[in-house]
Amino acid sequence: MPFVSAKNQKSSYDVIVVGSGAAGGQSAYTLCMDGAKVLMLEAGRKYSPETETPMFQTPDLAPLGAESTPDKPFGFYDATVGGGWEVPGEPYVSASAEDAGRFDWWRARMLGGRTNHWGRISLRDGPYDFKPFTRDGLGQDWPISYEDLAPYYDKVELLIGVYGSNEGLENTPNSAPGCLLPPPKPLVSDLLVAQRAKRLGIPVIPGHRAVLTQPLDYRRSPARLHPGNATAQKIIAEDMRNRAACLWATPCGRGCSIRANYQSTTVHLPPALASGNLDIRTDAMVYEVTLGRDGRANGVSFVDRTSGKQQHVRARVVILAASACESVRILLNSKSAQFPQGLANSSGKVGRYLMDTVGSSVSGQIPLLESLPPLNEDAADGQQMYVPWWLYQDQHAGKLKFARGYHIEFGGGKRIPGYGTAAGLEWLTGGSYGAKFKQDVRRYYGSFVWFSGRGEMIPNDQSFCEIDPKVKDKWGIPVLRFHWRWSEHELRQAVHMQTTFTDIIHAMGGRTQGPVQTDGAKAIAPGGSIIHEVGGAIMGSDPKSSVTNPWCQTWDVDNLFLTDGAVFASNADKNPTLTIMALAWRAADHVLERMRRKEL
Ligand SMILES: Cc1cc2nc3c(=O)[nH]c(=O)nc-3n(C[C@H](O)[C@H](O)[C@H](O)COP(=O)(O)OP(=O)(O)OC[C@H]3O[C@@H](n4cnc5c(N)ncnc54)[C@H](O)[C@@H]3O)c2cc1C
Ligand code: SF4
């Protein structure tokens, strides 16, 4: 009985996992494949990628040509069927009305969370990224090193399927042999970017995305994933056989009903359910972790969103994986005589060191790419290639005015046209109509490129979240209030991005579209808007200055774990989700081991 309701849910489980996205999916998968009885509580609705994914629908079939609207900001067909920048009846508060203090919060409310439509860019953090303080004296080190996480990166890549290549570049780790799938072919525009960037000394290498460029190796990988566990190997071998390779034609943000890319709903949950060890309760909004007299977590309380009723369920272990800020909110709302400032908050650090990714973009038009013959260039829907940070040595030698690096995501080509595809050509044509307009569209379509920087933010004391004393959501649960500030390091980094992207566009013989910003405050995207928010319950080696130990286990409550981005002690330029999954697998292994030893 995998999907349960109030009627058939058991009263107690080995482990409760709150949230079903990357963190919750990975936690539940690892635990269930090793025999733990798990209840997953998910605030959003049930969602079936097989039947609900509009893979092949064309824009003309949708209202407003499938263009974005306030309730579907990524377009009508986007996979997010619940949640977004605004969640009706579930507000949050910004402490500052100024742009500089702005924090935007994207929340999914559906089974699988944001993994149904995320960009699938899956980069490993490198050795430097775990020890940033040691390297430059800013921020804080993680209590673990790259070597501690490397075996788990290998496992996650093998399980979910990530394409890419091993290039041996500085702080850009190689995967173990056989972990990566071959990368897809680059677009014509990618090849031009690579050629011209190289002339500037900027390396362009194959991207890493969680997309199957070929079927998974269901004969060899199961034994590497679950050594000594024949049952788990059988389940995952069968599941891998049922995942098809990419057909290179449909936008991944709508989801993938053939299971060729990673979504928690298509990769983690099916085998976990097949193990018979997972119960899932959707529409369950958790608001509190409850404590027993012994000071240990004994379960969680939640609101059933369909009935509005409050319920409680018990477990030996509680794992919060509701996304960084939601997990922090649950901790801060779980007050008791023992923890008047919120659960596991004896350090006062819950909510602190909130981080996002530095983002800045420049687009350009490239005459060399005009009037190309029609090509089937739908490709992998993003990141065939990318630029890893390449200035580690210059930065370490003090030659740059900011402390941490960024990688470059870029794109071009001829995607499926929408209503806006031929709009805004006047800056090139001076304005045209009729037959001339059609000629112009044919000439310019496919000649545009864009570059986006994704950079490291250093944690600071001014960027944090707390419970707002007045505002509650429609369930009566107090909401978060955000405080946000970029430092000069991030602002200068954003300007460096603008200059670099402009240089590459010029090296391609092109021209930039719109102003190139030299003011960091204008160059940088608002806090939270890159949707890589992490921190808020950081891991460390000292209970006085961190919330969890190196196993994602809270210092204060032995059987309470956090496996989402809340535990990140820094936020490297690499997109966070692969690291979230690797940490979640490692934490779940630790839980299993301690349960076996009867310590939990
Ligand atoms: C458009 C977009 C593109 C992205 N692209 C990339 C990318 O290319 N690479 C990358 O690394 N990252 C990317 N990300 C970020 C990535 O999606 C997140 O890092 C990742 O999903 C985080 O996993 P999570 O499990 O912590 O949170 P989520 O995936 O958000 O899952 C959390 C789940 O918990 C549920 N939940 C929340 N509160 C509660 C509660 N109180 N009770 C019960 N359940 C609750 C939510 O409904 C949700 O289903 C992108 C995100 C977006 C939106
Ligand atoms: S491009 Fe490939 S991975 Fe993406 S949705 Fe289409 S088939 Fe799936």
Side-chain angles (χ1 to χ4, degrees), residues 16-27 40-45 47 49 53 55-56 73-74 78-80 82-85 87 90 106-123 161 184 207-213 244-266 268 281-288 300 302-303 305 320-327 329-330 333 357 378-383 409 454 473 475 477 529-534 562-566 574-581 584:
I16 290 171
V17 174
V18 180
S20 64
Q26 184 62 67
S27 306
M40 173 177 276
L41 294 171
E42 164 53 50
R45 76 156 169 88
Y47 170 72
T53 308
M55 275 181 90
F56 298 103
F74 288 93
D78 182 72
T80 309
W85 293 116
V87 180
E90 298 188 38
W106 176 278
R107 287 165 293 167
R109 286 283 182 273
M110 62 188 293
L111 189 66
R114 287 174 283 178
T115 68
N116 294 299
H117 84 142
W118 68 310
R120 278 104 183 158
I121 295 172
S122 301
L123 301 173
H208 288 234
R209 279 183 80 233
V211 169
L212 306 190
T213 49
C246 178
L247 45 80
W248 311 122
T250 57
C252 294
R254 298 180 182 190
C256 188
S257 58
I258 63 166
R259 307 174 67 204
N261 64 32
Y262 166 76
Q263 297 169 220
S264 168
T265 39
T266 56
H268 280 137
R281 178 103 186 245
T282 49
D283 292 304
M285 181 75 189
V286 173
Y287 59 89
E288 185 181 10
V300 304
F302 63 96
V303 177
R305 292 169 22 123
L320 297 182
S323 78
C325 299
E326 288 285 6
S327 291
R329 181 182 173 204
I330 294 169
N333 277 329
T357 289
D378 284 345
D381 197 25
Q383 223 202 27
E409 300 172 7
R454 295 288 177 256
D473 69 12
W475 316 110
I477 308 168
S529 67
I530 305 300
I531 323 182
H532 287 170
E533 79 287 355
V534 294
L562 287 102
T563 59
D564 53 32
K574 288 88 172 179
N575 317 44
T577 310
L578 192 76
T579 301
I580 289 176
M581 290 191 258

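Counting convention: from 1, in listed order, for ligands and their atoms alike.
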**Student:** Using a 3.5 Å distance criterion without hydrogens, assess whether the side chain of S327 forms a donor-acceptor pair with backbone atoms of A322.
**Tutor:**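 Flag set: sc S327 to bb A322 pair under 3.5 Å.
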
**Student:** Would you mind checking which non-hydrogen protein atom is closest to atom 17 (O) of ligand 1, with the distance to 0.1 Å?
**Tutor:**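 Checking every protein heavy atom, the shortest distance to atom 17 (O) of ligand 1 gives R114 CB, 3.3 Å.
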
**Student:** Looking only at protein heavy atoms, identify the closest one to atom 15 (C) of ligand 1 and say how far it is in Å.
**Tutor:**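 The closest heavy atom on the protein side is I531 O, 3.3 Å.
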
**Student:** Give the minimum heavy-atom separation between G21 and Y262, together with the two atoms involved.
**Tutor:**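 Of all heavy-atom pairs spanning G21 and Y262, the closest is O-OH, 4.2 Å.
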
**Student:** Below 4.0 Å, non-hydrogen atoms only: which portion of R209 touches ligand 1? Side chain, backbone, both or neither.
**Tutor:**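 None of R209 does.
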
**Student:** Find all atoms of ligand 1 within a distance of less than 4.0 Å from any non-hydrogen atom belonging to D564, and give their numbers and elements.
**Tutor:**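 Going through ligand 1 atom by atom, the ones under 4.0 Å from D564 are 26 (O).
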
**Student:** I want to check something: taking the side chain as every heavy atom from C-beta on, are E409 and N575 in contact at a cut-off of under 4.5 Å?
**Tutor:**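 Of all side-chain heavy-atom pairs linking N575 with E409, at least one is under 4.5 Å.
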
**Student:** Please give me the minimum heavy-atom distance between S257 and P49, naming the atom from each residue.
**Tutor:**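 Taking every non-hydrogen atom into account, CB-O, 3.3 Å.
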
**Student:** Using every non-hydrogen atom in the two residues, find where V18 and I330 come nearest and quote the distance to one decimal.
**Tutor:**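 Looking at all heavy atoms of both residues, the shortest contact is CG1-CD1, 4.1 Å.
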
**Student:** Can you list, by chain and residue number, the protein N, O or S atoms under 2.8 Å from atom 4 (Fe) of ligand 2?
**Tutor:**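 The answer, once waters are left aside, is C252 SG.
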
**Student:** Could you check whether any side-chain N or O of R209 sits under 3.5 Å from a backbone N or O of G119, counting only pairs where one atom can act as donor and the other as acceptor?
**Tutor:**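 The answer is yes, because a donor-acceptor pair under 3.5 Å joins these two groups.
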
**Student:** Starting from atom 47 (O) of ligand 1, find the nearest protein heavy-atom neighbour and note its residue, name and distance.
**Tutor:**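 Answer for atom 47 (O) of ligand 1: E42 OE2, 2.6 Å.
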
**Student:** For residues A244 and L212, report the shortest heavy-atom separation together with the two atoms involved.
**Tutor:**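 So the two residues come closest at O-CD1, 3.5 Å.
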
**Student:** State, with a plain yes or no, whether a side-chain heavy atom of Y47 is found less than 4.5 Å away from one of T53.
**Tutor:**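 Yes, their side chains come closer than 4.5 Å.
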
**Student:** So, R120 side chain and C252 main chain: donor-acceptor pair closer than 3.5 Å or not?
**Tutor:**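 Indeed, once roles are kept as given, a pair shorter than 3.5 Å links the two residues.
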
**Student:** Looking only at protein heavy atoms, which one is nearest to atom 10 (C) of ligand 1, and how far off is it?
**Tutor:**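 Ranked first by proximity to atom 10 (C) of ligand 1 is T577 OG1, 3.1 Å.
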
**Student:** What do the steps show when you test M55 against I258 for side chain to side chain contact (heavy atoms under 4.5 Å, CB included), and what is the final call?
**Tutor:** CA-CA 9 Å; M55 275 181 90; I258 63 166; 4.3 Å; yes

**Student:** Of all the atoms in ligand 1, which lie at a distance below 4.0 Å from a heavy atom belonging to G113?
**Tutor:**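 Here the atoms of ligand 1 in question are 29 (O), 31 (O), 48 (C), 49 (O).
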
**Student:** Is it the side chain (CB and beyond), the backbone, both or neither of V286 that lies under 4.0 Å from ligand 1, heavy atoms counted?
**Tutor:**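 Looking at V286 and ligand 1, atoms from backbone and side chain both fall under 4.0 Å.
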
**Student:** If the cut-off is 4.0 Å to any non-hydrogen atom of G255, which atoms of ligand 2 fall inside it?
**Tutor:**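 Those atoms are 5 (S).
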
**Student:** If I compare all heavy atoms of T266 with all of C256, which pair ends up nearest, and what's the gap?
**Tutor:**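 For T266 and C256, the tightest heavy-atom pair comes out as CG2-O, 4.0 Å.
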
**Student:** Quick check on contacts: which atoms of ligand 1 are under 4.0 angstrom from a heavy atom of W106?
**Tutor:**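 Taking each heavy atom of W106 in turn, ligand 1 has 53 (C) under 4.0 Å.
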
**Student:** Applying a strict 4.0 Å limit to heavy atoms, is A244 in contact with ligand 2?
**Tutor:**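 Under 4.0 Å: no for A244.
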
**Student:** By number and element, which atoms of ligand 1 are closer than 4.0 Å to a non-hydrogen atom of M110?
**Tutor:**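 The atoms of ligand 1 under 4.0 Å from a heavy atom of M110 are 47 (O), 49 (O).
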
**Student:** So for ligand 1, is A43 a polar contact partner (N or O within less than 3.5 Å, distance only)?
**Tutor:**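 Such a contact does occur with ligand 1.
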
**Student:** Can you tell which part of W118 has a heavy atom less than 4.0 Å from ligand 1: side chain, backbone, both or neither?
**Tutor:**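 For W118, backbone and side-chain atoms both sit under 4.0 Å from ligand 1.
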
**Student:** Give a yes or no answer on whether the side chain of N116 reaches the backbone of G255 with a donor-acceptor pair at less than 3.5 Å.
**Tutor:**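 Checked: no pair found.
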
**Student:** Does any N/O atom on H117 come nearer than 3.5 Å to any N/O atom on ligand 1?
**Tutor:**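 Min N/O separation from ligand 1 is not below 3.5 Å for H117.
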
**Student:** For S20 and G113, which heavy atoms make the closest approach, and how far apart are they?
**Tutor:**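 Answer, listing the atom of S20 first, then G113: OG-N, 4.1 Å.
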
**Student:** Side chain or backbone of F74 under 4.0 Å from ligand 1, or both, or neither, by non-hydrogen atoms?
**Tutor:**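 The answer is the side chain of F74.
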
**Student:** Give the contacting part of R109 toward ligand 1: side chain, backbone, both or neither, where contact means a heavy-atom distance below 4.0 Å.
**Tutor:**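 Answer for R109: both.
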
**Student:** Go through it in stages, so that I can follow the logic: the residues are I531 and W85, the test is side chain to side chain contact (heavy atoms under 4.5 Å, CB included), and I'd like the CA-CA distance, side-chain angles, deciding distance and then a yes or no.
**Tutor:** CA-CA 10 Å; I531 323 182; W85 293 116; 3.7 Å; yes

**Student:** Excluding sequence neighbours, so at least two apart, what forms salt bridge (charged side-chain N to carboxylate O under 4.0 Å, His left out) with R305?
**Tutor:**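 R305 satisfies salt bridge (charged side-chain N to carboxylate O under 4.0 Å, His left out) with E90, D283 only.
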
**Student:** With heavy atoms only and a cut-off of under 4.0 Å, state how R329 meets ligand 1: side chain, backbone, both or neither.
**Tutor:**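 It is neither part, as no heavy atom is under 4.0 Å.
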
**Student:** Please identify which atoms of ligand 1 are closer than 4.0 Å to at least one heavy atom of S323.
**Tutor:**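 What qualifies from ligand 1 is 26 (O), 27 (O), 30 (O), 32 (C).
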
**Student:** Using a 3.5 Å distance criterion without hydrogens, assess whether the side chain of T115 forms a donor-acceptor pair with backbone atoms of S264.
**Tutor:**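 Side chain of T115 to backbone of S264: a pair is present.
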
**Student:** Can you name the atoms of ligand 1, numbered from 1 with element, that are less than 4.0 Å from a heavy atom of A108?
**Tutor:**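 Counting atoms of ligand 1 from 1, those under 4.0 Å from A108 are 46 (C), 47 (O), 48 (C).
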
**Student:** If we check side-chain contact (heavy atoms from CB on, under 4.5 Å) with I16, which of these qualifies: L320, V286, L41?
**Tutor:**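 When side-chain contact (heavy atoms from CB on, under 4.5 Å) is applied between I16 and each of L320, V286, L41, only L41 qualifies.
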
**Student:** Residues in ring-ring contact (aromatic ring centres under 6.0 Å, His included) with F74, at least two apart?
**Tutor:**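 F74 satisfies ring-ring contact (aromatic ring centres under 6.0 Å, His included) with W106, H117 only.
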
**Student:** Under the salt bridge (charged side-chain N to carboxylate O under 4.0 Å, His left out) test, which residues partner R114, sequence neighbours left out?
**Tutor:**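 Here the qualifying residues are E533.
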
**Student:** Consider every N or O of A324 and every N or O of ligand 1, then say whether any pair is closer than 3.5 Å.
**Tutor:**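 No, there is no polar N/O contact under 3.5 Å.
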
**Student:** For atom 37 (C) of ligand 1, grab the closest protein heavy atom and report residue, atom and distance to one decimal in Å.
**Tutor:**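 Ranked first by proximity to atom 37 (C) of ligand 1 is A322 O, 3.2 Å.
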
**Student:** Does only the side chain of A284 get under 4.0 Å from ligand 1, or the backbone, or both, or neither? Count heavy atoms.
**Tutor:**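 Under 4.0 Å from ligand 1, A284 contributes backbone atoms alone.
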
**Student:** May I ask you to list the atoms of ligand 1 that are less than 4.0 angstrom from any heavy atom of M285?
**Tutor:**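 Near M285, meaning under 4.0 Å from one of its heavy atoms, ligand 1 has 41 (N), 42 (N).
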
**Student:** Before giving the answer on side chain to side chain contact (heavy atoms under 4.5 Å, CB included), spell out for T563 and Q26 the whole-Å C-alpha distance, their side-chain angles and the decisive distance to 0.1 Å.
**Tutor:** CA-CA 9 Å; T563 59; Q26 184 62 67; over 6 Å; no

**Student:** Considering non-hydrogen atoms of the protein only, which is the closest contact for atom 6 (C) of ligand 1, and what is the distance?
**Tutor:**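 The closest one turns out to be G119 N, 3.5 Å.
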
**Student:** Going by the order shown, which atoms of ligand 1 are within less than 4.0 Å of some heavy atom of G21?
**Tutor:**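 Those of ligand 1 that fall under 4.0 Å from G21 are 25 (O), 29 (O), 31 (O).
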
**Student:** What part of L123, side chain, backbone, both or neither, has a heavy atom within less than 4.0 angstrom of ligand 1?
**Tutor:**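 Neither part.
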
**Student:** Is the backbone of G112 close enough, under 3.5 Å, to the side chain of Q263 for a donor and an acceptor to pair up by distance?
**Tutor:**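 Side chain of Q263 to backbone of G112, a donor-acceptor pair under 3.5 Å: no, none is there.
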
**Student:** May I ask you to check if ligand 1 and A22 share an N or O to N or O distance below 3.5 Å?
**Tutor:**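 Yes; the residue has a nitrogen or oxygen that sits under 3.5 Å from a nitrogen or oxygen of the ligand.
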
**Student:** Which ligand 2 atoms, with their elements, are less than 4.0 angstrom from a heavy-atom of L247?
**Tutor:**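 Result: 2 (Fe), 7 (S).
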
**Student:** Of the protein's non-hydrogen atoms, which lies at the shortest distance from atom 8 (O) of ligand 1, and what is that distance?
**Tutor:**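 The answer is I121 N, 3.0 Å.
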
